[in-house]
Amino acid sequence: MIKDKNKFVSCLFKVPIFSHLTEEEQKGIVKLVTVKKLKKGETLYNAGDEGSFLYVVHEGKVKISRYTEEGNEQVVRVLSTGDFAGEQALFTNNLASDFAITLEDSMVCVLDGSELKKHMIKKPEISVRIISELSKRLSESEIKLESYNLDSVGKRVAQSIIKNSNGRSSFELPISKLDWASILGMSSETLSRKLSQFKRSGLIDLKGQRKITILDEGKLNEIS
């Protein structure tokens with residue numbers, strides 16, 4: 001844990017839940033925070049862990065994943081600066097159902113759930129924002145599930161490339177192709193075949209394991 005936490009918690013106030021708090025309200029939240037510094041590959045929490053905590057990434061990347069009954073890893077999402085996890089445990093008090101592992105050296109703000117809930121009683125507007133964010137997450141999950149059922153493999157990959165580019169023509173994937181395939185709900189072999197097909201068609205260029213250059217975004221968007 002880091003003692004001088006104040007300079008590390010600015011990320012909290014980029015999160016929709018806390019972004020509109022007054023300076024005085026922000027000070028109340030900062031008192032609830034501890035900061036963890038983790039090296040690449042370290043575990044933030046494990047499935048089955050007890051406790052109610054909200055984790056907000058200050059810097060770095062954290063992979064959230066689960067394992068199927070067959071022992072296969074399913075990547076749920078990858079968190080970067082300002083993203084958070086653990087919000088469901090704030091209300092259910094259930095054991096953690098997934099794993100959180102750093103993909104690079106990271107700094108994470110940790111809010112004690114029991115203390116946060118006490119604070120939420122005093123500041124109900126925070127509760128409203130958390131409920132709103134949970135509703136957004138649920139909606140995104142439903143859209144993701146629908147796309148798995150209805151969209152072709154090609155469309156999923158194409159749209160993911162565009163999303164990951166953030167408007168850049170060239171970018172590096174923040175995660176491995178294996179994790180990327182898991183997020184897209186396909187095998188790494190299927191993803192590699194589709195990327196190779198896009199390259200042969202002149203839609204993208206590939207360098208190494210993670211660098212992608214978009215050559216024809218218009219045609220990527222047209223893939224159905």
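Computed from a predicted structure; not experimentally measured.
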Rounded at 0.5 Å granularity, tell me how far [atom1] in [X] sits from [atom2] in [Y].
{"X": "Thr190", "Y": "Leu184", "atom1": "OG1", "atom2": "CG", "value": "11.0 Å"}
{"X": "Lys155", "Y": "Asn221", "atom1": "NZ", "atom2": "CG", "value": "9.5 Å"}
{"X": "Ser196", "Y": "Arg193", "atom1": "OG", "atom2": "CZ", "value": "9.5 Å"}

Minimum heavy-atom distance between Asn46 and Asp49, given as atom pair plus value: N-OD2, 2.8 Å
Non-hydrogen atoms of Val33 and Ile29 that approach each other most closely: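 Reported closest heavy-atom pair: CG2-O, 3.4 Å.
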Has the side chain of [X] got a donor or acceptor atom that lies under 3.5 Å from a matching backbone atom of [Y]?
{"X": "Thr102", "Y": "Asp105", "value": "no"}
{"X": "Ser182", "Y": "Val75", "value": "yes"}
{"X": "Ser106", "Y": "Glu104", "value": "yes"}
{"X": "Ser160", "Y": "Val157", "value": "no"}

Worked check of side-chain hydrogen bond (donor to acceptor under 3.5 Å, both in side chains) between Ser65 and Glu73: CA-CA 7 Å; Ser65 59; Glu73 182 183 23; 3.0 Å; yes
Salt bridge (Lys or Arg N to Asp or Glu O under 4.0 Å) evaluation trace for Lys118 with Glu115: CA-CA 5 Å; Lys118 292 177 185 176; Glu115 293 301 317; 3.3 Å; yes
Check ion pair Glu42-Lys39 (N to O, under 4.0 angstrom):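 No, no charged N to carboxylate O under 4.0 Å.
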Worked verdict on Phe53 versus Asp112 for side-chain contact (heavy atoms from CB on, under 4.5 Å): CA-CA 5 Å; Phe53 298 96; Asp112 184 293; 4.1 Å; yes
Enclosure of Lys40 NZ (heavy-atom neighbours >12, cutoff 6.0 Å):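 Counting other residues, nucleotides and ligands, NZ of Lys40 stays at 12 neighbours or fewer.
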side-chain contact (heavy atoms from CB on, under 4.5 Å) partners for Ala158, two or more places apart: Phe198, Leu220, Ile223
Check whether any side-chain heavy atom of [X] lies under 4.5 Å from a side-chain heavy atom of [Y], and answer yes or no.
{"X": "Trp180", "Y": "Leu191", "answer": "yes"}
{"X": "Lys211", "Y": "Ser170", "answer": "yes"}
{"X": "Met107", "Y": "Lys36", "answer": "no"}

Identified side-chain contact (heavy atoms from CB on, under 4.5 Å) partner of Tyr55 from the options Leu44, Ile64, Asp83, Leu111: Leu44
Partner set under ring-ring contact (aromatic ring centres under 6.0 Å, His included) for Tyr67, not counting sequence neighbours: Phe99
ring-ring contact (aromatic ring centres under 6.0 Å, His included) partners of residues 24-43, not counting sequence neighbours, each pair once: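 Output for this query is empty, none listed.
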